[in-house]
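A quick write-up on the structure given underneath.
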Amino acid sequence: MDITFLVAKRSTCIRRAVGALIVKNKRILSTGYNGAPTGIIHCSEIGCLREKLNVPSGEKHELCRGIHAEQNAIIQAAYHGVSIKDATLFCTNMPCSICAKMIINAGIKKIYYHSGYADAMSEEMFTEAGIELIHFNYS
């Protein structure tokens, strides 16, 4: 989990720095942090649309320039041709419902997370998909 929090320091999100790590057989396969896509101006430079519109956490995910850390970790694995089937995800925060769908379809089987997230649907989907959720109390 130490490495996951280190990855989160690369975040360019104003509201929340999130890091994700995908591991299999005790090897790091991919990492991700939340921020704008490659080549797009970062929110830290132009401001946060969600803050300007006063959008609560966990709602209207489409009103954001950034990609979530979990999404970036999955994308990086695909970009480099690394299979993450049956892998474990470590994340600073519980994934949202959009990330949950990607995680389920990517074949990730277990998630360790530190903090919760205001999106009850994600936990319901993980339970239904049989993905093990482990709250990791990191200090």
Side-chain angles (χ1 to χ4, degrees):
M1 195 58 85
D2 283 334
I3 297 170
T4 307
F5 278 92
L6 186 61
V7 170
K9 289 182 178 185
R10 300 217 43 201
S11 171
T12 58
C13 179
I14 294 169
R15 292 178 79 168
R16 179 189 319 253
V18 179
L21 198 72
I22 300 175
V23 176
K24 187 174 179 181
N25 299 324
K26 298 183 181 182
R27 300 210 184 274
I28 297 171
L29 301 178
S30 181
T31 65
Y33 55 89
N34 58 331
T38 304
I40 304 297
I41 298 171
H42 297 292
C43 300
S44 57
E45 298 173 55
I46 64 166
C48 176
L49 178 61
R50 293 174 61 82
E51 266 189 6
K52 288 176 189 166
L53 298 175
N54 203 27
V55 177
S57 183
E59 295 180 17
K60 299 182 181 179
H61 298 287
E62 71 279 5
L63 296 177
C64 180
R65 298 174 59 79
I67 298 175
H68 289 187
E70 306 91 324
Q71 295 169 343
N72 266 327
I74 291 168
I75 291 165
Q76 284 303 306
Y79 186 86
H80 294 288
V82 176
S83 173
I84 56 174
K85 184 178 182 285
D86 299 325
T88 297
L89 173 75
F90 289 82
C91 197
T92 56
N93 296 81
M94 166 73 102
C96 72
S97 57
I98 294 170
C99 291
K101 295 176 220 178
M102 292 179 69
I103 290 164
I104 292 164
N105 278 357
I108 291 170
K109 296 298 181 194
K110 187 185 292 188
I111 300 169
Y112 288 89
Y113 68 96
H114 170 65
S115 299
Y117 190 69
D119 189 343
M121 182 188 270
S122 67
E123 192 167 350
E124 292 170 12
M125 288 194 301
F126 287 136
T127 300
E128 186 176 342
I131 294 176
E132 187 178 357
L133 289 173
I134 300 156
H135 179 242
F136 189 86
N137 194 6
Y138 177 84
S139 339

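- At a threshold of 4.5 Å between side-chain heavy atoms, the hydrophobic network of Ile, Leu, Val, Met, Phe, Trp and Tyr places Ile67 and Ile104 in two separate groups.
- Through side-chain heavy atoms spaced under 4.5 Å, either directly or across other Ile, Leu, Val, Met, Phe, Trp or Tyr residues, Leu63 is tied to Leu49, Leu53, Val55.
- The hydrophobic cluster of Ile98 has no other members, since no ILVMFWY side-chain heavy atom comes under 4.5 Å of it.
- In this structure, Phe5 is a member of the same hydrophobic cluster as Leu21, with clusters built from ILVMFWY side-chain heavy atoms closer than 4.5 Å.
- Here the CZ-SG distance, from Phe126 to Cys99, works out to 8.0 Å after rounding to the nearest 0.5 Å.
- Within the 4.5 Å cutoff, the side chain of His68 has no heavy atoms near those of the Val18 side chain.
- Atom OG1 in Thr92 sits 12.5 Å away from atom NZ in Lys9 (nearest 0.5 Å).
- The hydrophobic cluster containing Leu6 does not contain Tyr113, counting ILVMFWY residues as joined when their side-chain heavy atoms lie under 4.5 angstrom apart, directly or transitively.
- With Ser11 contributing its side chain and Tyr33 its backbone, the two residues share no donor-acceptor pair below 3.5 Å.
- No donor-acceptor pair under 3.5 Å is formed between the side chain of Arg65 and the backbone N or O of Gly47.
- Within 6.0 Å of atom CZ in Arg15, more than 12 heavy atoms from other residues, nucleotides or ligands are found, so the atom counts as buried in its surroundings.
- For the pair Ala100 and Met125, the tightest heavy-atom approach, listed with the atom from each and the gap, is CB-CE, 3.7 Å.
- Interatomic distance, Ile111 CD1 to Glu123 CD, rounded to the nearest 0.5 Å: 10.0 Å.
- Both Met121 and Leu89 are part of a single hydrophobic cluster, where members link through side-chain heavy atoms under 4.5 Å apart.
- In this structure, Met94 CE and His114 NE2 are separated by 13.0 Å, a value rounded to the nearest 0.5 Å.
- Scored by the side chain to side chain donor-acceptor pair (under 3.5 Å) test, Asn72 finds no partners at all (sequence neighbours excluded).
- Under a cut-off of 6.0 angstrom, the local environment of CD in Gln76 is crowded, with over 12 non-hydrogen atoms contributed by other residues, nucleotides or ligands.
- Two residues are said to be in side-chain contact when any heavy atoms from C-beta on lie closer than 4.5 Å; Ile103 and Pro95 meet this criterion.
- Linking ILVMFWY side-chain heavy atoms closer than 4.5 Å, directly or via other members, places Ile75 and Val82 in two distinct hydrophobic clusters.
- Tested against Ile108, the residues Thr88, Asp86, Ile22, Val23 include a single side chain to side chain contact (heavy atoms under 4.5 Å, CB included) partner, Ile22.
- Using a 4.5 Å heavy-atom cutoff, the side chains of Thr12 and Glu45 are not in contact.
- Heavy-atom neighbours of Glu128 CD from other residues, nucleotides or ligands within 6.0 Å: at or below the threshold of 12.
- Pairs of residues two or more places apart, or lying in two chains, that qualify as ring-ring contact (aromatic ring centres under 6.0 Å, His included) and include a residue from residues 77-101 are Phe90-Tyr112.
- The list of ring-ring contact (aromatic ring centres under 6.0 Å, His included) pairs with a residue in residues 35-59, not counting sequence neighbours, is empty.
- Take Lys110 and apply the salt bridge (Lys or Arg N to Asp or Glu O under 4.0 Å) test, not counting sequence neighbours, and it matches Glu132.
- Here Arg50 contributes atom CZ and Lys60 contributes atom NZ; the two are 9.5 Å apart, rounded to the nearest 0.5 Å.
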